[in-house]
Amino acid sequence: MCPVPWTIKYAPKRLAEVYGNDKAKEELKNWLLKGLWREKAAFLYGPPGVGKTSAAICIARDFGFFLIEFSASESRDAEVIRKKILDHVHDSTLFGKRMVLFDDVDIVFSKFDTGALPAIIEVIKSKRVPVVLTAANFYDPKLVPLRRYSYPIEFKRLSMRDIVRNLERICRLEGIECDPMALREIAKRAYGDMRSAINDLQFIAAGRRKVTVDDVKALVAYRNRELNIFETLGRFFKADSIPRAMAALTNSMVEFDLLIKWVNENVWRALNDPSDIKNVYDVLSWADIYGKRANATQAWHLMKYMMALTASVPLAARKGLKSFVRGMTFPLSVKMASLTKEKRDYLENMCRKIARKCHLSTKGAMRDIVPYLKIMLEANPKYGRKVARSLGLSSEEINFLVTGRLPREGSRRLEYR
Ligand SMILES: Nc1ncnc2c1ncn2[C@@H]1O[C@H](COP(=O)(O)OP(=O)(O)OP(=O)(O)O)[C@@H](O)[C@H]1O
Ligand SMILES: [Mg+2]
């Protein structure tokens with residue numbers, strides 16, 4: 001069975017159980033109780049994992065509202081919004097009070113959400129239901145039209161004290177003995193993000209009855225490597241000269257090959273202008289040609305052209321970076337493309353199995369389960385294997401995750417049957 005994420009298991013049920021941000025919680029309550037909701041939507045904004053969505057869900061529950069939720073993962077097409085809400089609003093008078101939550105409004109306003117903003121504004125202006133919006137940034141240019149219909153409520157990063165208190169509570173309920181220094185270390189690394197602190201605790205504590213500072217440090221070492229990629233990419237894309245871009249690439253702890261893949265994959269995420277994207281891919285394709293030729297012919301002097309061309313990427317993007325580079329995540333295609341076709345198929349087959357068990361998509365299993373399973377297998381092989389087996393993986397598949405090597409032909413055929 002998949003372990004239930006502790007962020008869900010221990011999610012706050014009442015507003016009073018949401019740690020920190022007392023002022024914001026008070027403002028949210030006033031907005032509802034003093035009827036401010038008839039004028040404006042409550043716009044909860046702030047960094048990730050601090051309890052914005054939780055606060056919205058909890059206040060609805062505290063005051064007996066049925067919550068109609070639009071999350072980032074579902075369609076926010078204007079028609080869907082109108083239909084879903086109007087149906088419910090009609091029911092409102094018959095079956096109790098309704099509240100509407102548009103979660104992460106900044107994330108999914110793409111072409112698929114044509115007319116979503118006007119539809120949301122229409123719902124707010126109808127004054128029939130309290131509307132709560134959440135986003136990272138109240139001042140996001142995409143959301144300008146919403147601002148005059150919104151009452152901003154800022155959520156701040158949580159204090160170490162609040163995070164440690166919650167982690168202590170979870171350890172108590174899970175029967176885990178935890179070194180207070182270990183909890184402080186987790187809280188420190190979370191930078192005010194409760195979600196990431198709880199996730200870290202769950203990974204570190206998996207299969208253990210006791211958590212020590214050393215266990216936390218092992219996870220942090222892994223994290224730093226990932227963080228380093230983001231820092232490097234940030235410094236690289238923002239470089240205003242070739243030497244600076246080169247320094248960003250060469251001073252990183254991450255291997256150069258992998259970095260190039262990241263750059264390749266994230267160009268379109270980092271840049272706004274299509275002509276910039278074209279210029280950058282032109283430069284990258286030349287760099288690739290030199291790199292490949294150097295490798296194939298062992299003419300290593302060609303590498304300097306590859307390096308110089310790659311370092312000129314930030315300058316080829318003349319119109320600049322997106323103001324808000326949020327989506328730079330480890331690209332799935334990089335992971336997949338770095339494997340051979342055979343390995344890719346094998347991995348995909350494995351993810352399909354996990355997906356069936358966990359009611360996820362194959363992509364979801366690849367993104368949300370496999371990387372953590374690998375960490376578990378490394379950090380605590382006995383427990384990791386137990387979890388992997390409960391996900392339906394065979395010993396060969398588990399070995400593949402650990403070593404990256406495919407099993408022998410014969411045994412693999414059996415697996416596929
Ligand atoms: N202040 C908090 N008190 C208690 N638990 C919290 C708090 N903040 C976050 N959590 C935990 O983290 C999980 C995720 O929090 P939540 O979704 O509310 O964050 P968010 O601020 O909406 O983040 P995002 O900006 O990524 O949407 C919750 O289910 C809960 O377990
Ligand atoms: Mg949220």
Side-chain angles (χ1 to χ4, degrees), residues 2-29 41-62 67-74 76 99-109 120 131-140 142-143 146 150 152-174 176 183 186-205 230 324-329 367-368 372:
C2 287
V4 182
W6 287 355
T7 49
I8 295 176
K9 191 168 172 190
Y10 297 109
K13 305 268 181 309
R14 308 259 160 231
L15 200 55
E17 294 171 13
V18 174
Y19 285 85
N21 281 306
D22 293 339
K23 182 167 166 264
K25 288 186 292 186
E26 213 39 51
E27 282 176 349
L28 183 61
K29 255 197 270 179
F43 192 127
L44 317 186
Y45 69 98
V50 295
K52 302 180 294 295
T53 306
S54 304
I57 294 172
C58 287
I59 196 167
R61 192 180 291 135
D62 279 358
L67 193 66
I68 309 165
E69 242 183 294
F70 291 86
S71 65
S73 56
E74 58 190 303
R76 302 201 203 186
M99 186 184 283
V100 180
L101 167 63
F102 291 102
D103 210 10
D104 300 318
V105 276
D106 48 345
I107 295 182
V108 199
F109 284 114
I120 294 176
V131 176
V132 182
L133 312 166
T134 75
N137 181 5
F138 181 63
Y139 301 96
D140 188 327
K142 288 198 293 287
L143 304 178
L146 270 179
S150 302
I153 300 179
E154 184 182 8
F155 276 68
K156 299 198 165 126
R157 286 185 193 285
L158 296 168
S159 66
M160 287 239 316
R161 195 168 150 261
D162 281 327
I163 295 184
V164 169
R165 274 168 55 210
N166 199 17
L167 297 183
E168 278 170 353
R169 177 183 74 102
I170 294 174
C171 285
R172 228 180 5 258
L173 294 170
E174 286 289 322
I176 293 166
L183 294 188
I186 296 176
K188 195 167 100 195
R189 303 280 163 183
Y191 298 112
D193 177 341
M194 182 75 88
R195 183 199 286 119
S196 98
I198 299 174
N199 281 336
D200 282 359
L201 177 68
Q202 183 168 14
F203 278 111
I204 295 165
F230 288 107
F324 192 54
V325 187
R326 193 175 177 176
M328 279 206 202
T329 54
R367 189 191 52 220
D368 297 333
Y372 298 109

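Counting starts at 1 for both ligands and their atoms, following the listed order. The first residue of the sequence shown is numbered 1, and numbering continues consecutively from there.
- Remark: ligand 1 and W6 share no N or O pair separated by less than 3.5 Å (distance only, no angle test).
- Within the structure, the closest approach of G49 to ligand 1 falls below 4.0 Å when heavy atoms are considered.
- Between L133 and L44 the shortest side-chain heavy-atom distance does not fall below 4.5 Å.
- The closest approach between any non-hydrogen atom of P12 and ligand 1 is below 4.0 Å.
- Checking only distances, L158 never comes within under 3.5 Å of ligand 1, N or O to N or O.
- Here T53 meets the criterion, with an N, O or S atom under 2.8 Å of the Mg ion (ligand 2).
- For the pair I198 and L167, the minimum side-chain heavy-atom distance is below 4.5 Å.
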* Please report the C-alpha distance between Q202 and K9 in whole Å, then the side-chain angles of each, then the deciding distance to 0.1 Å, and finally whether the side-chain contact (heavy atoms from CB on, under 4.5 Å) criterion is met. => CA-CA 11 Å; Q202 183 168 14; K9 191 168 172 190; over 6 Å; no
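- Across K9, K25, M194, heavy-atom proximity to atom 6 (C) of ligand 1 is greatest for M194.
- Close contacts of ligand 1 with D104, meaning ligand atoms under 4.0 Å from a residue heavy atom, involve 27 (O).
- Side-chain contact between R161 and R165 is present, with at least one heavy-atom pair separated by less than 4.5 Å.
- For ligand 1 and V18, the ligand atoms under 4.0 Å from any heavy atom of the residue are 1 (N), 2 (C), 3 (N).
- When only interatomic distances are considered, the shortest N/O to N/O separation between V50 and ligand 1 falls below 3.5 Å.
- Counting heavy atoms from C-beta outward, M99 and I59 have side chains that approach closer than 4.5 Å.
- Between T53 and L101 the shortest side-chain heavy-atom distance falls below 4.5 Å.
- For a threshold of 3.5 Å applied to N or O pairs, the pair formed by I198 and ligand 1 contains no separation below that value.
- Between Y10 and ligand 1, no N or O atom pair is found at a separation short of 3.5 Å.
- Using a 30° and 60° split on the angle between ring planes, F70 and F102 fall in the parallel class, below 30°.
- Within the listing of ligand 1, atoms 28 (C), 29 (O), 30 (C), 31 (O) sit less than 4.0 angstrom from a heavy atom of T7.
- Taking 4.0 Å as the cut-off, T134 does not count as a neighbour of ligand 1 on heavy-atom distance.
- Ring-plane geometry between Y372 and F203 is classed as parallel, the angle between the planes falling under 30 degrees on a 0 to 90 degree scale with a further cut at 60.
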* Could you give me the CA-CA distance, side-chain angles and deciding distance for E168 and R172, then say whether salt bridge (charged side-chain N to carboxylate O under 4.0 Å, His left out) is met? => CA-CA 6 Å; E168 278 170 353; R172 228 180 5 258; 5.2 Å; no
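- At a 4.0 Å heavy-atom cut-off, ligand 1 touches N166 through the side chain alone.
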